[in-house]
Amino acid sequence: MHELAVCQALMDQVDSVARDESAARVVSIHLGIGPLSGVEPGLLSQAFPIASAGSLAADAELVITALPVVVHCQECGRQSEVQSTRLLCSHCGAWQTTLVSGDEMLLERVEVIRKNSTPAPAHSVLHS
């Protein structure tokens with residue numbers, strides 16, 4: 001399963017953040033996933049308990065937000081949010097567009113409880 005490998009790489013990033021923040025445990029992990037990322041959010045959620053087992057994030061909540069697909073039009077110069085199956089400019093209809101976002105997986109926020117402290121957000125980014 002591709003998502004298990006992705007989740008294991010995610011856990012490497014989360015473990016790094018937890019170490020940097022002197023965390024006693026990870027409370028939540030917030031991800032943004034674009035529809036063109038090649039990552040299936042449902043399968044990633046299923047792989048999370050396996051990948052996080054035995055780590056500071058074993059009991060963490062995995063929060064996944066869908067990111068939009070955005071293109072930049074080379075004809076009219078504007079950006080627009082589009083469907084992942086139709087990358088045409090929504091302003092002028094041109095097909096000469098460049099993908100701006102929608103193919104990424106971002107580690108947006110990791111919330112931890114520091115040793116002898118209260119919850120504190122830590123930030124990091126992971127691109128797929």
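Count residues from 1 along the sequence.
- The minimum heavy-atom distance between Ala23 and Leu56, with the atom names listed, is O-CD1, 3.6 Å.
- Remark: Arg86 CZ to Trp95 CH2 distance equals 14.5 Å, nearest 0.5 Å.
- Ala57 and Val14 get closest at one heavy-atom pair: CB-CG1, 4.2 Å.
- Contact between Pro49 and Ser45 at its shortest, heavy atoms only, is CD-O, 3.3 Å.
- The neighbour count for Asp20 CG, taken as heavy atoms of other residues, nucleotides or ligands under 6.0 Å away, is above 12.
- Cys89 approaches Thr97 most closely through the heavy-atom pair N-CG2, 3.7 Å.
- Taken to the nearest 0.5 Å, the OG1 atom of Thr98 stands 10.0 Å off from the CD atom of Gln79.
- Between the side chains of Glu81 and Ser90, no donor-acceptor pair is found at a separation under 3.5 Å.
- Annotation for Ser55 and Ser52: closest pair OG-O, 2.6 Å, computed over non-hydrogen atoms.
- Contact between Ala47 and Leu4 at its shortest, heavy atoms only, is CB-CA, 3.8 Å.
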Step-by-step side-chain contact (heavy atoms from CB on, under 4.5 Å) determination, Phe48 to Glu3: CA-CA 9 Å; Phe48 180 71; Glu3 280 71 10; over 6 Å; no

Would you check, one step at a time, whether the test side-chain contact (heavy atoms from CB on, under 4.5 Å) holds for Val69 with Leu99? CA-CA 8 Å; Val69 177; Leu99 187 65; 3.7 Å; yes

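- When side chains are defined from C-beta on, Leu67 counts as touching Glu108, because their heavy atoms get closer than 4.5 Å.
- Clustering ILVMFWY residues whenever any of their side-chain heavy atoms sit less than 4.5 angstrom apart, transitively, puts Leu88 in a cluster other than the one holding Val70.
- Rounded to the nearest 0.5 angstrom, Ser84 OG and Asp103 CG are separated by 11.5 Å.
- Note that CD of Glu111 and CZ of Arg25 are 9.0 Å apart. Values are rounded to the nearest 0.5 Å.
- In the displayed structure, Gln83 atom CD is contacted under 6.0 Å by at most 12 heavy atoms of other residues, nucleotides or ligands.
- Distance check: Ile29 CD1 to Met11 CE gives 5.0 Å after rounding to the nearest 0.5 Å.
- Taking 4.5 Å as the limit, some side-chain heavy atom of Leu31 sits within range of a side-chain heavy atom of Leu44.
- In this structure, NE2 in His30 is found 6.5 Å from CD in Glu61, a value given to the nearest 0.5 Å.
- Note on Ile33 and Leu36: separate hydrophobic clusters, where clusters join Ile, Leu, Val, Met, Phe, Trp and Tyr whose side-chain heavy atoms are under 4.5 Å apart, directly or indirectly.
- The shortest side-chain heavy-atom distance between Ile50 and Cys7 does not fall under the 4.5 Å cut-off.
- The shortest distance between side-chain heavy atoms of His91 and Cys73 does not fall below 4.5 Å.
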